[in-house]
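One structure is given below, encoded as C-alpha cells.
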Amino acid sequence: MPLRVHDTRRREKVEFSTLSPGRVSMYVCGVTVYDRCHLGHARCYIAFDLVHRWLEASGYDVEYVQNFTDIDDKIIIRSIESGEDWREIVERNIQLYYEDMDVLNILRADHYPRCTQYVDSMIHIIEDLIQKGHAYVGKDGVYFHVDSAPEKYGQLTGQSIDAVRKGAGGRVDETGSGKKDHKDFALWKQAKPGEPTWDSPWGQGRPGWHIECSAMSLDHFGTSFDIHGGGHDLRFPHHEAEIFQSECHTGHAPLAGYWLHNGFVNIDGEKMSKSLGNFWTISDIVQNVDPLVLRLALVNAHYRSPIDMNEQLLNDAQRNHARILQTYESALRMATSGRRHQLPQPDMESSDSLAKTLGLLERLAEGFAQAMDDDFNSREAVAKVLAGVKQLQTLLSLGTDDEDKRAVAHYAKEWLEETAGAILGILPSPDVLLAEPEDDPRKAEIAEEVEALLAERSIARANKDWTRADAIREQLNALGVVVTDTEDGPVWDLV
RNA sequence: GCACGGAUAGCAAAGCUUGGCCAUGCCGGGGAUUGCAAAUCCUCUUACCUGGGUUCAAAUCCCAGUCCGUGCUCCA
C-alpha cells in the first residue's frame with residue numbers, strides 16, 4: 001500500500017516517491033522568534049511531526065530541517081518597544097520554542113538553522129539573481145522582478161499574473177518603495193537608523209523575509225528536495241517567492257517534489273488574532289489542559305482541514321485520551337512481570353474469542369496504517385485507535401490463566417505503543433503513567449488526609465452506612481479528589 | 001473582483017481520487033454492572049446543501065445554482 005500525499009502545487013493526492021531511494025529531505029518553515037508560540041504553531045508542528053514520524057516508521061531515513069527566522073520587522077519592533085537587545089529576544093524565544101514543542105511531544109528536527117547564519121549565502125544568491133536579470137537594485141533595497149519569470153507565477157495559489165497586475169501601477173508609487181512593480185518583493189532591505197545590519201554590495205542592510213528559506217534549503221539539500229511544508233497562509237507570497245528565488249537561481253525545477261500546507265486553527269468560530277482577544281499561547285493552554293490531550297485534539301482532524309478550537313473539542317479529547325490511557329495503564333500493570341507467552345493465531349473467523357479479538361485488532365492496525373498512508377489521515381487513524389481500545393478492553397478481560405493474561409497484556413501494550421505512542425505521540429511514558437500517588441507532590445501533600453478519609457469511608461460502606469459514605473465522598477470531592485470504587489478497593493486521583 | 005477550499009446526523013468530524021459494506025467520538029434513549037456513583041460493556045434513534053443528469057446502484061461521478069470560510073499586506 002503506497003503512501004499518497006496531497007501536493008498543493010498539483011492540487012491532488014499523488015503517490016509519494018523520493019529523489020533518493022529510502023531518504024526523505026523535508027524543509028518546514030519555522031517560527032519568527034519575536035514571541036511565544038501559539039496554538040497555530042502547535043497545530044503546524046504537530047502536523048509535520050506526524051509526517052516525520054510516519055515516514056520514519058515507513059522505513060525512510062528523514063532529514064528534517066526547520067528554520068528560525070531570527071531577524072525581521074517584528075523582532076526589531078519588539079526590541080524598540082522594550083529596549084531589550086534583539087539578540088536576547090531571539091535567544092529567549094528559541095529556548096521557549098523548544099520547551100513548548102517538547103511538552104507537546106514533538107520530535108526534534110535534525111537541523112534548526114537560523115537565518116542570520118546564512119546572510120552570506122543570501123547575498124550570494126541575490127548577486128546571482130541580479131546578474132541573471134531576475135532582480136534589480138531599487139532606491140531602498142534589492143527586489144525580485146516577478147515579470148522576469150512569469151511562468152512561475154501562481155504555482156501554489158492559482159492566481160493569474162494578469163489578475164494581480166490590475167491596479168498595481170498606482171500602488172507602487174503610493175508605498176514609496178523602490179519597487180518597479182507591485183508584484184515584486186524585497187530580497188534585501190536597506191538599513192534604517194538603529195536597525196541591526198549586515199554589510200552587502202548594496203550597502204548596510206538586512207535580508208528580506210523570503211530569501212532566507214531559499215538559502216537554507218539550498219545549503220542543506222541542494223537544488224531540490226522532497227517535501228516543503230508550512231502553514232496554509234505561507235503559500236502566498238512566501239512559498240511562491242521561494243520558488244522564484246530558488247528556481248531562477250539554480251535553474252532547477254521544481255524546488256520541492258511535494259508542497260504540504262496545514263490548515264488553520266480558529267477559536268470559537270473566529271480567526272485567532274490578538275485584536276479579538278482570542279489568542280491562545282501553548283503555555284497558556286497547558287496550564288489547564290494536559291499537553292497530550294491538546295495534541296490529541298489537534299491530531300483528531302485531518303491536517304489540511306481547519307480546526308475550530310473550543311471547550312467541547314478539548315473535553316472530547318480529554319475523555320478519549322483518558323480512555324486510551326486507562327487501557328494502556330492496565331496493560332502496563334499486567335505486563336510488567338513474566339515472559340512472553342504464545343498467543344493463538346489471529347483469526348477473525350475463529351470461534352475462539354481470543355483469536356477472533358486478535359484478528360480484529362490486526363485488521364484495525366492495518367486500517368491505521370492505511371489511514372496514515374492516505375495523506376497522513378490522523379483523524380481516521382485516531383478512529384482506529386479508539387476502536388482498537390474497545391477491543392483491547394475485551395482482550396484484557398480474556399485469558400484463562402495468568403500466563404495468558406500477561407501475554408495479552410504484552411500484546412495490548414505493544415499495539416498501543418506502535419499506534420497511539422510511536423505515531424500519534426499521545427501516550428505518556430510508562431514511568432509517568434505508573435507513578436504512585438506519593439510521586440506527585442500535589443498528591444503527596446494530601447495523601448495522608450485522603451487515606452484516612454478513605455479508611456473511614458470503607459468502614460461506613462462495610463456497615464452499609466451509605467449516608468456517611470457519600471458524605472465522605474463529598475468531602476473528598478471538595479478537596480479536588482475523585483474516588484473510584486474498584487474490585488480491589490477504592491482508588492483516588494486529583495480532578 | 002480574482003484565487004483556493006468547504007457544506008455529512010443534536011454537536012464535532014472521516015469517507016469522495018478508485019460508485020455498492022462500516023466511520024469514530026460526544027450528546028440523547030434503553031439495558032448490564034454498582035449500595036449509589038464513576039468508569040466499562042451491550043443496544044437504539046437521527047445524515048450526506050439545493051436542482052437536474054449518468055448508472056442496476058450516487059455522500060462519492062457530471063452540469064447548474066445557493067450559502068460559508070480563507071488568501072490577494074506581516075502571519076504556522
Side-chain angles (χ1 to χ4, degrees), chain A residues 4 6 8 11-15 28-32 34 37-48 66 69 72-74 77 154 156-160 162-167 171 175 182-183 185 209 229-238 240 261-266 269-274 296-297 300-302 304-310 312-313 315-320 322-323 326-327 330 367 371 374-375 377-387 389-390 393-394 396-397 460-462 464-467 469-470 473-474 477 482-487 490-491 493:
Chain A
R4 295 169 61 80
H6 180 91
T8 305
R11 277 181 258 289
E12 61 180 353
K13 278 189 217 170
V14 288
E15 196 161 316
V28 175
C29 287
V31 286
T32 301
Y34 71 104
C37 290
H38 55 68
L39 200 46
H41 298 116
R43 153 90 129 151
C44 175
Y45 301 112
I46 286 174
F48 288 103
Q66 190 190 121
T69 298
D72 164 89
D73 289 344
K74 286 186 176 175
I77 290 167
L156 300 179
T157 54
Q159 300 184 100
S160 79
D162 293 331
V164 180
R165 187 173 279 151
K166 287 175 187 165
R171 287 165 71 180
T175 60
H182 175 64
K183 300 185 296 296
F185 54 87
W209 175 38
H232 189 251
D233 54 325
L234 295 182
R235 292 174 313 147
F236 187 92
H238 185 57
E240 291 208 353
H261 292 101
N262 66 278
F264 261 39
V265 180
N266 297 320
E270 288 184 304
K271 186 183 172 179
M272 184 168 67
S273 79
K274 285 187 175 168
L296 175 58
N300 197 205
H302 188 95
R304 282 188 283 117
S305 310
I307 289 182
D308 187 30
M309 181 54 68
N310 54 50
Q312 175 74 48
L313 200 69
N315 286 344
D316 278 10
Q318 174 75 61
R319 212 181 148 82
N320 285 328
R323 187 203 306 270
Q326 196 177 3
T327 304
S330 359
D374 184 15
D375 195 29
N377 191 340
S378 56
R379 169 61 177 174
E380 180 73 14
V382 169
K384 298 298 179 193
V385 168
L386 289 169
V389 162
K390 196 170 272 195
Q393 297 271 17
T394 308
L396 291 171
S397 67
R461 291 184 70 212
K464 298 195 190 299
D465 183 357
W466 310 126
T467 318
D470 289 347
R473 187 161 60 194
E474 286 295 319
N477 288 349
V482 183
V483 180
T484 306
D485 294 319
T486 72
E487 280 178 22
V491 295
D493 202 349

Could you measure between the two [atom1] atoms, the one in [N] and the one in [M], and give it in whole Å?
N	M	atom1	value
A58(B)	G69(B)	C1'	27 Å
C42(B)	U17(B)	C1'	37 Å
C61(B)	C67(B)	C1'	23 Å
C56(B)	U46(B)	P	30 Å
U24(B)	U8(B)	C1'	14 Å
U43(B)	A37(B)	C1'	22 Å
C2(B)	U60(B)	P	27 Å
U50(B)	C4(B)	P	25 Å

[atom1] of [X] versus [atom2] of [N]: gap in Å, rounded?
X	N	atom1	atom2	answer
L234(A)	G71(B)	CG	P	12 Å
D233(A)	G69(B)	CG	C1'	15 Å
R11(A)	G5(B)	CZ	P	6 Å
H38(A)	C74(B)	NE2	P	16 Å
F236(A)	A3(B)	CZ	P	14 Å

Toward the 5' end of RNA chain B, which comes first, A383(A) or K74(A), by nearest nucleotide?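 Between the two, 5'-proximity favours A383(A).
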
Between H232(A) and K384(A), name the one whose nearest nucleotide on RNA chain B is closer to the 5' end.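 Its nearest nucleotide lies further toward 5', so the answer is K384(A).
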
Using a cut-off of 4.0 Å on non-hydrogen atoms, how would the nucleic acid contact of G231(A) be classed: base, sugar-phosphate, or nothing?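 The answer is sugar-phosphate, as G231(A) gets under 4.0 Å only of primed atoms, P, OP1 or OP2.
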
Answer with base, sugar-phosphate or nothing: what part of the nucleic acid does V28(A) contact at a heavy-atom distance below 4.0 Å?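 Nothing, no heavy atom under 4.0 Å.
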
Could you pull out all residues at least two apart from [X] that satisfy side chain to side chain donor-acceptor pair (under 3.5 Å)?
X	answer
K390(A)	none
R323(A)	none
N310(A)	none

Can you pull every protein N or O that's under 3.5 Å from an N or O on nucleotides 11-18 of chain B?
from	atom 1	to	atom 2	distance (Å)
A13(B)	O2'	R379(A)	NE	2.7
A14(B)	OP1	H302(A)	N	3.4
A14(B)	OP1	S305(A)	OG	2.8
A14(B)	O3'	N377(A)	ND2	3.0
A14(B)	O2'	E380(A)	OE1	2.7
G15(B)	OP1	N377(A)	ND2	3.0
U17(B)	O2	R4(A)	NH2	2.7

Is a side-chain N or O of E240(A) found less than 3.5 angstrom from the main chain of L156(A), in a donor-acceptor match? yes

Of all residues at least two apart in sequence or in a different chain, which pass the side chain to side chain contact (heavy atoms under 4.5 Å, CB included) check with A469(A)?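 Counting only residues at least two positions away or on another chain, A469(A) forms a side chain to side chain contact (heavy atoms under 4.5 Å, CB included) with R457(A), A460(A), R461(A).
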
Just to verify, what does [X] make a salt bridge (charged side-chain N to carboxylate O under 4.0 Å, His left out) with, not counting sequence neighbours?
X	answer
R379(A)	none
D316(A)	none
E380(A)	K384(A)
R304(A)	D375(A)

So does H261(A) get a side-chain nitrogen or oxygen closer than 4.0 Å to the phosphate oxygens (OP1/OP2) of C4(B)?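 No, outside the criterion.
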
Partners passing ring-ring contact (aromatic ring centres under 6.0 Å, His included) against F264(A) (at least two apart in sequence or in another chain):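 If we apply the ring-ring contact (aromatic ring centres under 6.0 Å, His included) test to F264(A), skipping adjacent residues, there are no hits.
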
Are there runs of at least three consecutive Watson-Crick or G-U pairs touching RNA chain B, with each pair's two distances under 3.5 angstrom? Give them by first number.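 Output for stems: B:1-7 with B:66-72, B:10-12 with B:24-26, B:28-32 with B:40-44, B:49-53 with B:61-65.
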
Going 5' to 3' through nucleotides 33-41 of chain B, assign each nucleotide B (protein heavy atom under 4.0 Å from a base atom), S (under 4.0 Å only from sugar-phosphate atoms) or - (no protein heavy atom that close). --BBBBSSS

Of the listed nucleotides (G25(B), C72(B), U73(B)), which one gets closest to any side-chain atom of Q159(A)?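 Minimum distance to the Q159(A) side chain belongs to C72(B).
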
Could you work out which one of A76(B), A3(B), G5(B) sits closest to the side chain of Y45(A)? A76(B)

Atom of K13(A), atom of D374(A) and distance for their closest heavy-atom approach: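 Where K13(A) meets D374(A) most closely, the heavy atoms are NZ-OD1, 2.8 Å.
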
Specify the closest pair of heavy atoms between D485(A) and P490(A), including all atoms of both residues, with the distance to one decimal.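 Closest heavy-atom pair between D485(A) and P490(A): OD1-CB, 3.6 Å.
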
So do Y34(A) and I77(A) actually touch side chain to side chain, heavy atoms under 4.5 Å?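 Heavy-atom side-chain distance check fails, nothing below 4.5 Å.
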
